[in-house]
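Let me begin by presenting the structure, written as structure tokens, before commenting on it.
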Amino acid sequence: MRIVFFASDKFSLPSLEAVRAAGHELLCVVTQPDKKSGRGLNVSGTEIKSAALTSGLKLYQPLKVNSKESADYLKSLNADIFVVIAYGQILSREVLNLPKLFCLNIHASVLPKYRGAAPINWAIINGGTETGVTAIKMNEKMDQGEIICYKQEMILAEDNSQTLGIKLSKSAACLLTETLDKINRGGYILTAQDEAAVSFAPKLKKEDGLIDWNASAKSIHDLVRGCYEWPGAYAFLNGKLLKIFKTSVFLPLEKKDGSNTPGTVIKVLKDYFIVSTGSGDLVIEELQIEGKRRMFTSEFLSGHKMSVGECLLGKK
RNA sequence: CGCGGGGUGGAGCAGCUUGGUAGCUCGUCAGGCUCAUAACCUGAAGGCCAGAGGUUCAAAUCCUCUCCCCGCAA
């Protein structure tokens, strides 16, 4: 099929590769414009851009994909179908109607759950044990299109957003090629989403990573996993930002009186330290203090004196 | 020119203000103690103090420039 591929995140890379490998005709890759990012004012393009350039694919980076100029160009490509995966701009009805067939979107959750920009993160933050990827025929409302098919994926206890994202991106690639096959053969059924089961996964904000020590150790642990690696779960230690990348829930052998204020360091060992929470204790295994690189707690403790009774705070 | 922190044996840090012997907690290696050990004791190896200039009798330390890492912000 003649495909125009819309993507801006590395999540879409396996899908892009799969479409190529399946022998479809990639007319053009559409991605977000280069943006200033990082320290200073370095301009950089998306990873999709570099991949497309490496593969010699045609690249298009409209500032506004719905503009007349952009729509005219996309129309001129005369595509069978638009494939949209983590593109980052909402397509107008006009653009959605450009391809001969329709616009196909792969979303990183089992819809109608977790509509929105950060489904992988929220699935973990909420302590879920399974999620998946869904192929939908897009309509003008965000993630509300009819479902063509989906695949489920387990969320393992050791998964974080990164590892789960990698797994889902691969399953998205499989789902995409399967779906394209179905569409090619005409053997697919559209199922409307159950509006009663809808939930949302809005784009993560920096503040979403702030740890509330009054929460349970389990939910803080889920926050740490779900906010990996951006924005990162964080607290403050002696006025400095402390990002926490890896934790585990500590299961004490004996019951404690629970008199420790949540956020207090209750034990410092050689390789890690333990912080009390609203319910249960949390082992801190990997972290990053402001101005320093990310490191294992064992490394951190080699050079930073930390003592029982210190407090990790929710603000400076 | 967005703001700020940093670069010191293999790891993480102190020392810099007030120039004068390279320090701490680990790790590594060797030996000892021990029924035994990730524990304890003793000893050793391992540094052009990011790089280049400058000031000085003397620079990790003060001045200038370059490179690299990180947090904020986007």
Side-chain angles (χ1 to χ4, degrees), chain A residues 7-12 30-50 61-65 86-90 116-118 120-122 125 160-162 165 201-213 220 223-248 250-253 263 265-275 281-316:
Chain A
S8 298
D9 191 84
K10 63 173 179 289
F11 179 83
S12 328
V30 183
T31 193
Q32 294 272 41
D34 295 356
K35 280 186 290 197
K36 287 180 195 168
S37 69
R39 264 159 247 119
L41 38 93
N42 305 326
V43 178
S44 63
T46 64
E47 294 182 53
I48 295 294
K49 176 178 179 176
S50 6
Q61 299 178 277
L63 201 58
K64 290 185 176 180
V65 71
Y87 170 54
Q89 290 192 42
I90 295 172
I120 300 171
N121 303 280
W122 285 105
I125 293 170
N160 59 32
S161 314
Q162 188 177 60
K203 186 172 176 177
L204 285 177
K205 296 186 296 277
K206 180 72 186 172
E207 312 86 86
D208 290 321
L210 181 61
I211 293 173
D212 172 11
W213 294 102
I220 295 174
L223 183 74
V224 169
R225 297 192 298 142
C227 289
Y228 190 98
E229 146 172 67
W230 196 91
Y234 62 94
F236 294 92
L237 176 65
N238 299 326
K240 281 187 175 173
L241 182 73
L242 181 75
K243 286 193 179 181
I244 296 176
F245 288 104
K246 190 163 188 291
T247 56
S248 57
F250 182 63
L251 301 171
L253 296 173
V265 174
I266 58 168
K267 207 169 182 61
V268 180
L269 296 172
K270 195 173 143 202
D271 290 340
Y272 52 85
F273 61 91
I274 302 174
V275 180
D281 301 320
L282 197 66
V283 181
I284 311 298
E285 298 178 356
E286 191 174 0
L287 50 74
Q288 179 171 30
I289 194 87
E290 188 177 321
K292 292 299 186 177
R293 72 169 180 82
R294 175 177 157 179
M295 61 186 92
F296 293 112
T297 304
S298 56
E299 298 175 284
F300 177 78
L301 290 175
S302 303
H304 296 82
K305 284 165 198 148
M306 173 152 267
S307 46
V308 171
E310 278 191 83
C311 250
L312 301 184
L313 303 173
K315 57 187 171 185
K316 279 203 177 186

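Sequence lines set the chain letters: A, B, ... in the order given, protein chains first and strands last, and positions in each chain run from 1. Only heavy atoms go into these numbers, but all of them, side chains included; no hydrogens, no water, no symmetry mates.
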Using the P atom as the reference point in each nucleotide, state the distance between B:rG43 and B:rC24 in Å, no decimals. 12 Å
Are A:Lys292 and A:Glu299 within salt-bridge range, i.e. N to O under 4.0 Å? no
Is A:Lys270 close enough to B:rU25 that one of its side-chain N or O atoms is under 4.0 Å from OP1 or OP2 there? no
C1'-based separation of B:rA44 from B:rC16 [nearest Å]: 30 Å
On the nucleotide B:rC70, are OP1 or OP2 found under 4.0 Å from the side-chain N or O atoms that A:Gln288 carries? no
Please confirm whether the shortest side-chain N or O distance from A:Arg293 to OP1 or OP2 of B:rG12 is below 4.0 Å. yes
Mind listing the closest non-hydrogen atom pair of A:Leu237 and A:Cys311 along with its distance? CD1-O, 4.0 Å
P gap between B:rU64 and B:rA74, integer Å: 31 Å
Partner nucleotide of B:rU55 by Watson-Crick or wobble geometry (both distances under 3.5 Å): none
From CG of A:Leu269 over to P of B:rA39, roughly how many Å is that when rounded to an integer? 13 Å
Could you give the CD-to-P distance, from A:Gln32 to B:rA74, as a whole number of Å? 17 Å
Scan every strand shown for a Watson-Crick or G-U wobble partner of B:rA60, both distances under 3.5 Å, and answer none if you come up empty. none
Tell me the interatomic distance from A:Met295, atom CE, to B:rG5, atom P, rounded to whole angstroms. 18 Å
For B:rG4, give its Watson-Crick or G-U wobble partner with both distances under 3.5 Å, or none. B:rC70
For B:rC13, the Watson-Crick or wobble counterpart (both distances under 3.5 Å): B:rG23
With rounding to whole Å, what would you report as the distance between B:rU34 and B:rA50 at their P atoms? 45 Å
What is the distance, rounded to the nearest whole Å, between atom NE2 of A:His304 and atom C1' of B:rG12? 7 Å
Report yes if a side-chain nitrogen or oxygen of A:Lys206 is closer than 4.0 Å to either non-bridging phosphate oxygen (OP1 or OP2) of B:rC72; otherwise report no. yes
Which comes earlier along RNA chain B counting from the 5' end, the contact point of A:Ser302 or that of A:Arg294, where each point is its nearest nucleotide? A:Ser302
Parallel, tilted or perpendicular: which one describes the rings of A:Phe300 and A:Phe273, with boundaries at 30° and 60°? tilted
Walking RNA chain B from its 5' end, the first of A:Gly291 and A:Gly303 to be reached, judged by nearest nucleotide, is A:Gly291
Determine the interatomic distance between P on B:rU17 and the same-named atom on B:rC63; round to the nearest Å. 9 Å
Apply salt bridge (charged side-chain N to carboxylate O under 4.0 Å, His left out) to A:Glu285 and A:Lys246, showing your working. CA-CA 5 Å; A:Glu285 298 178 356; A:Lys246 190 163 188 291; 2.8 Å; yes
Does the side chain of A:Lys240 get closer than 4.0 angstrom to OP1 or OP2 of B:rG4 through an N or O atom? no
Does any nucleotide pair with B:rC35 by Watson-Crick or G-U wobble geometry, both distances under 3.5 Å, and what is it? none
Taking atom P in both B:rC1 and B:rG71, compute the distance separating them and give it to the nearest angstrom. 24 Å
Any heavy-atom pair between the side chains of A:Phe250 and A:Ile266 that's under 4.5 Å? no
Without decimals, in angstroms, what is the distance between A:Glu290 CD and B:rG71 P? 10 Å
Taking OH from A:Tyr234 and P from B:rC72, how many angstroms apart are they, rounded to a whole number? 9 Å
Checking all strands, does A:Lys305 fall into the base, sugar-phosphate, or nothing category for heavy-atom contacts under 4.0 angstrom? nothing
Atom P, compared across B:rC13 and B:rA59: separation rounded to whole Å: 28 Å
Check this for me: A:Leu269, atom CG, are more than 12 non-hydrogen atoms of other residues, nucleotides or ligands nearer than 6.0 Å? yes
To the nearest Å, how far apart are A:Phe245 CZ and B:rC70 P? 11 Å
Tell me the interatomic distance from A:Glu229, atom CD, to B:rC70, atom P, rounded to whole angstroms. 11 Å
A:Leu204 side chain near A:Ile125 side chain, heavy-atom distance below 4.5 Å: yes
Give none if B:rG43 has no partner; otherwise give the nucleotide forming a Watson-Crick or G-U wobble pair with it, both distances under 3.5 Å. B:rC29
Taking OP1 and OP2 of B:rC13, is either one under 4.0 Å from a side-chain nitrogen or oxygen of A:Lys292? yes
For nucleotides B:rG27 and B:rA39, find the distance between their P atoms and express it as a whole number of Å. 6 Å
